Q: 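Would you mind keeping the following structure in view while I ask a few things?
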Amino acid sequence: MKKTNILVLRMKEVVYTLIFLLLGIFLVFLLIHMFSGNPSSSTTSAIYTPGVYTSEMNLGGRTVNVEVTVDADHINSVRLVDLSDSVAAMYPLIEPAMESLEEQIVASQSLEDITYEESSKYTSEALLEVIESTLEKARK
């Protein structure tokens, strides 16, 4: 006849074994993540060279300066610089169009899907072209 073997485990030993097993699994996952070679999402490359960039827009013999301020990955502001009174009087839609464009561009951080009123369509399109060329200067 065979004798029955009884295995007695103390609860403390079981708990310690489970803790070490979980720590070992965590360490393996951590090492795989660290050395997998996939770049982390926190190490994104910069889109722009930080600074203030300007471009000129020709309106019937008069120039309008557009200024774009960027940091490494954000468009901070888009504005008209040194807009003369004569240009503002001849092109009354230029300032409201630029304000609308700036709000949308800074909010979306893109020149895609920009909307504008039908009354300022051509002014807005011209401003968008100048803003795009200015952003090209800022891109790395």
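Just so we're clear, the structure is a prediction, and the values are computed from it rather than from any experiment.
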Q: side-chain hydrogen bond (donor to acceptor under 3.5 Å, both in side chains) with S77: which residues, sequence neighbours excluded?
A: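 So S77 forms a side-chain hydrogen bond (donor to acceptor under 3.5 Å, both in side chains) with T69.
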Q: With salt bridge (Lys or Arg N to Asp or Glu O under 4.0 Å) as the rule and sequence neighbours excluded, what pairs involving residues 88-110 come up?
A: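 Applying salt bridge (Lys or Arg N to Asp or Glu O under 4.0 Å) to every pair that reaches into residues 88-110, excluding sequence neighbours, yields nothing.
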Q: What's the separation between atom CD1 in I75 and atom CD1 in I131, rounded to the nearest 0.5 Å?
A: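 I75 CD1 to I131 CD1: 9.0 Å, rounded to 0.5 Å.
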Q: Could you pull out all residues at least two apart from T123 that satisfy side-chain hydrogen bond (donor to acceptor under 3.5 Å, both in side chains)?
A: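 Counting only residues at least two positions away or on another chain, T123 forms no side-chain hydrogen bond (donor to acceptor under 3.5 Å, both in side chains).
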Q: Can you tell me which residue pairs pass the salt bridge (Lys or Arg N to Asp or Glu O under 4.0 Å) test with a partner in residues 4-27, sequence neighbours excluded?
A: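 The answer is none; no pair qualifies.
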Q: Got V78 and L101 here, is their nearest side-chain heavy-atom distance under 4.5 Å?
A: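 No, their side chains stay 4.5 Å or more apart.
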Q: Identify, with sequence neighbours excluded, every residue that meets side-chain hydrogen bond (donor to acceptor under 3.5 Å, both in side chains) alongside Q109.
A: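 Q109 satisfies side-chain hydrogen bond (donor to acceptor under 3.5 Å, both in side chains) with no residue once adjacent residues are dropped.
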Q: Mind checking whether H74 and V70 have side chains closer than 4.5 Å, heavy atoms only?
A: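 A side-chain contact is absent here, since even the closest heavy-atom pair is not under 4.5 Å.
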Q: What I want to check is whether the side chains of S86 and S84 have a donor and an acceptor closer together than 3.5 Å.
A: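 The criterion, which ignores hydrogens and geometry beyond distance, is satisfied for S84 and S86.
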Q: Residues two or more places apart in sequence or in another chain: which of them pass side chain to side chain contact (heavy atoms under 4.5 Å, CB included) with Y91?
A: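 For Y91 the side chain to side chain contact (heavy atoms under 4.5 Å, CB included) partners, ignoring immediate neighbours, are L59, V87, I94.
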Q: Taking the side chain as every heavy atom from C-beta outward, state whether M98 and V66 have any pair of such atoms under 4.5 Å apart.
A: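 Heavy-atom side-chain distance check passes, below 4.5 Å.
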Q: In the structure I gave you, are the side-chain heavy atoms of V64 and L80 within less than 4.5 Å of one another anywhere?
A: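 Counting from C-beta outward, V64 and L80 do come under 4.5 Å.
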Q: Sorted by first residue and then second, give each salt bridge (Lys or Arg N to Asp or Glu O under 4.0 Å) pair with at least one member in residues 17-37; sequence neighbours left out.
A: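 Non-adjacent pairs meeting salt bridge (Lys or Arg N to Asp or Glu O under 4.0 Å): zero.
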Q: With distance as the sole test, does K137 use its side chain to make a donor-acceptor pair with the main-chain N or O of T54 at under 3.5 Å?
A: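 Confirmed, K137 side chain pairs with T54 backbone.
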Q: Of all heavy-atom pairs between Y48 and D71, which one has the smallest distance, and what is that distance?
A: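 Scanning both residues, the minimum pair turns out to be CB-O, 3.5 Å.
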Q: Heavy atoms only: give me the nearest S119-L93 pair and the separation to one decimal.
A: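 Looking at all heavy atoms of both residues, the closest pair is O-CD1, 3.2 Å.
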Q: For S100, which residues count as a side chain to side chain contact (heavy atoms under 4.5 Å, CB included) partner, sequence neighbours excluded?
A: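 Partners of S100 by the side chain to side chain contact (heavy atoms under 4.5 Å, CB included) criterion, ordered by chain and then number, come out as Q104.
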Q: If Ile, Leu, Val, Met, Phe, Trp and Tyr residues are connected whenever their side-chain heavy atoms lie under 4.5 Å apart, and connections chain through other members, are L21 and F29 in the same group?
A: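 As far as the 4.5 Å side-chain criterion goes, F29 and L21 are connected within one cluster.
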Q: Report yes or no: do L27 and L22 belong to one cluster of Ile/Leu/Val/Met/Phe/Trp/Tyr joined by side chain heavy-atom distances under 4.5 Å?
A: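 L27 and L22: separate clusters.
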Q: Hey, are the side chains of V68 and I105 touching, using non-hydrogen atoms and a 4.5 Å cut-off?
A: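 Not touching, per the 4.5 Å side-chain cut-off.
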Q: What closest approach, in Å, do S55 and S133 show between heavy atoms, and which atom pair accounts for it?
A: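 Minimum heavy-atom contact is OG-OG, 3.8 Å.
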Q: For a quick test of reading the model, state the closest non-hydrogen atom pair linking S124 to A97 and the distance between them.
A: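 Result for this residue pair: OG-CB, 3.8 Å.
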Q: With sequence neighbours left out, what residues match E129 under side chain to side chain contact (heavy atoms under 4.5 Å, CB included)?
A: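 Side chain to side chain contact (heavy atoms under 4.5 Å, CB included) list for E129, sorted by chain: empty.
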Q: Linking I/L/V/M/F/W/Y whenever their side-chain heavy atoms sit closer than 4.5 Å, directly or via other members, would M90 and M57 fall into one cluster?
A: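 Yes, because M90 and M57 connect within a single hydrophobic cluster, where side-chain heavy atoms sit under 4.5 Å apart.
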Q: According to the salt bridge (Lys or Arg N to Asp or Glu O under 4.0 Å) rule, which pairs have a member within residues 46-70, sequence neighbours left out?
A: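 For residues 46-70: E67-R79.
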Q: Can you name the residues that form a side-chain hydrogen bond (donor to acceptor under 3.5 Å, both in side chains) with T4, not counting sequence neighbours?
A: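 For T4 there are no side-chain hydrogen bond (donor to acceptor under 3.5 Å, both in side chains) partners, ignoring immediate neighbours.
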Q: For I19, what residues pass the side chain to side chain contact (heavy atoms under 4.5 Å, CB included) criterion, not counting sequence neighbours?
A: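 In terms of side chain to side chain contact (heavy atoms under 4.5 Å, CB included), with neighbours along the sequence ignored, I19 is linked to V15, L23.
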Q: In Å and rounded to the nearest 0.5 Å, what is the CG to CD1 distance from L127 to I114?
A: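 Here the rounded value is 12.0 Å.
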Q: Step through the shown structure and confirm whether more than 12 heavy atoms of other residues, nucleotides or ligands are within 6.0 Å of CG on N58.
A: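 Yes, because the 6.0 Å sphere around CG of N58 holds more than 12 heavy atoms from other groups.
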